[in-house]
Amino acid sequence: MRAIWQADAAFPSGAFAFSYGIEGALALRPDMSLGEFERLCAAVLQQRWAGYDRIALQRAFRAGRDLDALAAVDREIEASTMIEALRAGSRRNGASFLAAHARLGQPLALKLRAQVKAGDCLGHIAVMQGAIWAALQLDEQHAALCSAYTVASGLITAAVRLGAVGALQGQSVLQALLPLIDALVATPLDDDAELESFIPILDIAAARHVHAELRLFAN
């Protein structure tokens, strides 16, 4: 039940303000078909989430309440995310996620929020999720499922809000992505796995998005 609670779009994590680069991608490809959109979402899960967000999440989950270890993962994400809009978006999303849990009285969230305010921690979303979900006693598999699902649903929600796909079309894409999420989470991760991500279209789109005259999302 805690995993469902954390994956629920109604939880005030601040994710609604971020498009994961989809707004910029749709600006580059306004004629993107539903099939192309589904393939792009699958690519985000395979080429970004599985090799980057999931690894950061797992490291943070296993670090638990070790604030120095969490800060080290945070710094690695900061150094390896080349696009400023994506770095800033990850930090802002993490700050909103922490704020929600801090207001609910979660002890580790209160400590991490103080660390971020002091500049000792950066607060990237995957790191904050891993740490807090471990503190909430989710198991590692459920934490990974929550993370992947929130990325997939965030991509689709952004596209629906932008008018690129209809609500039911979005749900058909999400339904099609569920087996992929299951398969990615079931794939074992090496303990020494390095962070890696390669989705050039979203990096380019996010970089261009910063200079857009009109935009609905922060990235």
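Heavy-atom basis, side chains included; hydrogens, waters and symmetry copies ignored.
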For this session: Output, in order, the C-alpha distance, side-chain angles, deciding distance and verdict of salt bridge (charged side-chain N to carboxylate O under 4.0 Å, His left out) for Glu140 and Arg59.
Result: CA-CA 10 Å; Glu140 198 169 292; Arg59 290 184 190 173; over 6 Å; no
For this session: Under the salt bridge (charged side-chain N to carboxylate O under 4.0 Å, His left out) rule, what do Asp191 and Arg62 come out as? Steps first, then yes or no, please.
Result: CA-CA 10 Å; Asp191 290 338; Arg62 293 179 180 180; 2.8 Å; yes
For this session: With ring pair (Phe, Tyr, Trp, His ring centres under 6.0 Å) as the test, would you mind laying out the steps for Phe11 and His101 before giving the verdict?
Result: CA-CA 10 Å; Phe11 187 86; His101 280 286; 4.9 Å; yes
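Linking Ile, Leu, Val, Met, Phe, Trp and Tyr residues whenever their side-chain heavy atoms come within less than 4.5 Å leaves Met82 and Ile199 in two separate clusters. Hydrophobic clustering keeps Phe97 apart from Leu110 (ILVMFWY residues linked when any side-chain heavy atoms are closer than 4.5 Å, directly or through intermediates). Cluster membership check: Val185 does not share its hydrophobic cluster with Phe61, using side-chain heavy-atom separations under 4.5 Å among Ile, Leu, Val, Met, Phe, Trp and Tyr.
The 12-atom threshold is not exceeded at OH of Tyr149, counting heavy atoms of other residues, nucleotides or ligands nearer than 6.0 Å.
Shown are His142, Gln137, Gln141; of these, the side-chain hydrogen bond (donor to acceptor under 3.5 Å, both in side chains) with Asp139 is made only by His142.
For the side chain to side chain donor-acceptor pair (under 3.5 Å) test, no residue two or more places apart in sequence or in another chain qualifies with Asp68. Partners of Ala99 according to the side chain to side chain contact (heavy atoms under 4.5 Å, CB included) rule, which considers only residues two or more places apart in sequence or in another chain, are Arg103, Arg113.
Salt-bridge annotation for Glu196 and Arg54: absent, with no side-chain N of the basic residue lying under 4.0 Å from a carboxylate O of the acidic one.
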All N/O donor-acceptor pairs, side-chain side in residues 119-135, below 3.5 Å, sequence neighbours left out:
{"unit_1": "His124", "atom_1": "ND1", "unit_2": "Ser90", "atom_2": "OG", "d": "2.9"}
{"unit_1": "His124", "atom_1": "NE2", "unit_2": "Glu78", "atom_2": "OE1", "d": "2.7"}
{"unit_1": "Trp133", "atom_1": "NE1", "unit_2": "Gln6", "atom_2": "OE1", "d": "2.8"}

